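This one's a predicted model, so the numbers in the text were calculated from it and none came from an experiment. FYI, the numbering just counts along the sequence from 1.
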Amino acid sequence: MAYKKPYSPENSRKADIVSLKDSITSMLRAYRLQGKLNEVTVVASWEKVMGKAVALKTQQLYVSNNKLFVRLSSAPLKHELVMAKTKVLANLNAEVGEDVIKEVVFL
């Protein structure tokens, strides 16, 4: 007759289980991809943060050296967004959850 070990966390497989979120986070950190992923998230969430009207007037949007460059087709909209630059910056960083963008440049 075989002896069966009683349950304990040390000999259980559940002790080795890591959540999917934690494993993805550690993989992004190991391959140094978190910064780039945050930059892509900022660009992807531009319409959600700024609204459909601003997104329609946006011609080009890219991130370089923690600066977000935005090319707009409307001069009055550009002027209005320059005046509200700090709010735009705060809203974008709040959407990502980190301070990804240090400066916004309207072209």
Side-chain angles (χ1 to χ4, degrees):
M1 188 161 138
Y3 175 74
K4 188 174 181 181
K5 289 184 180 180
Y7 173 78
S8 70
E10 292 79 28
N11 64 9
S12 172
R13 295 179 81 200
K14 290 186 177 188
D16 297 335
I17 294 176
V18 179
S19 72
L20 183 60
K21 179 183 177 185
D22 292 340
S23 58
I24 289 174
T25 302
S26 63
M27 182 197 69
L28 289 173
R29 197 176 311 117
Y31 289 105
R32 298 182 187 156
L33 295 173
Q34 188 64 50
K36 191 64 176 172
L37 179 64
N38 288 341
E39 290 176 1
V40 170
T41 304
V42 166
V43 172
S45 63
W46 175 255
E47 182 177 348
K48 180 181 175 187
V49 173
M50 298 306 296
K52 186 88 171 166
V54 175
L56 288 173
K57 300 285 186 181
T58 303
Q59 292 178 330
Q60 189 178 16
L61 191 68
Y62 62 94
V63 179
S64 178
N65 297 328
N66 294 341
K67 291 182 182 179
L68 177 66
F69 293 90
V70 182
R71 185 174 307 279
L72 299 166
S73 61
S74 170
L77 177 63
K78 176 184 170 187
H79 180 71
E80 188 175 328
L81 290 177
V82 166
M83 296 307 213
K85 188 183 285 192
T86 55
K87 187 174 181 182
V88 170
L89 184 66
N91 289 345
L92 287 169
N93 284 329
E95 180 68 25
V96 177
E98 292 183 37
D99 284 342
V100 178
I101 305 299
K102 305 293 183 206
E103 186 180 347
V104 181
V105 178
F106 294 103
L107 306 170

Excluding sequence neighbours, so at least two apart, what forms side-chain hydrogen bond (donor to acceptor under 3.5 Å, both in side chains) with Ser64? none
Residue pairs fulfilling ring-ring contact (aromatic ring centres under 6.0 Å, His included) with at least one residue in residues 28-56, sequence neighbours excluded: none
Once side chain to side chain contact (heavy atoms under 4.5 Å, CB included) is applied, do any residues pair with Ser26, and if so which ones, sequence neighbours excluded? Arg29
Single-linkage hydrophobic cluster Leu81~Val105, side-chain heavy atoms < 4.5 angstrom: no
Output for pair (Met83 CE, Lys78 NZ), nearest 0.5 Å, gives 12.5 Å
Going only through I, L, V, M, F, W and Y residues with side-chain contacts under 4.5 Å, is there a path from Tyr62 to Val104? no
Would you please test Thr58 and Met50 for side-chain contact (heavy atoms from CB on, under 4.5 Å) and show each step? CA-CA 10 Å; Thr58 303; Met50 298 306 296; over 6 Å; no
Rounded to the nearest 0.5 Å, how far apart are CG of Leu107 and CG of Leu61? 10.0 Å
State yes or no: do Leu33 and Leu37 share one hydrophobic cluster built from I, L, V, M, F, W and Y residues joined by side-chain heavy-atom distances below 4.5 Å, directly or via other members? yes
Do Val54 and Val63 land in one hydrophobic cluster if side-chain heavy atoms of ILVMFWY residues count as linked below 4.5 Å? yes
Show me the donor-acceptor pairs within less than 3.5 Å that the side chains of residues 65-73 make with the rest of the protein, sequence neighbours left out.
unit_1	atom_1	unit_2	atom_2	d
Arg71	NE	Gln60	OE1	3.2
Ser73	OG	Lys57	O	3.2

Could you give all pairs that pass the side chain to side chain donor-acceptor pair (under 3.5 Å) test and reach residues 86-107, with sequence neighbours left out? Asn38-Glu98, Lys48-Glu95
Got a second to check how far Lys21's NZ is from Thr25's OG1, nearest 0.5 Å? 6.5 Å
Among all residues two or more places apart in sequence or in another chain, which pass the ring pair (Phe, Tyr, Trp, His ring centres under 6.0 Å) test with Phe106? none
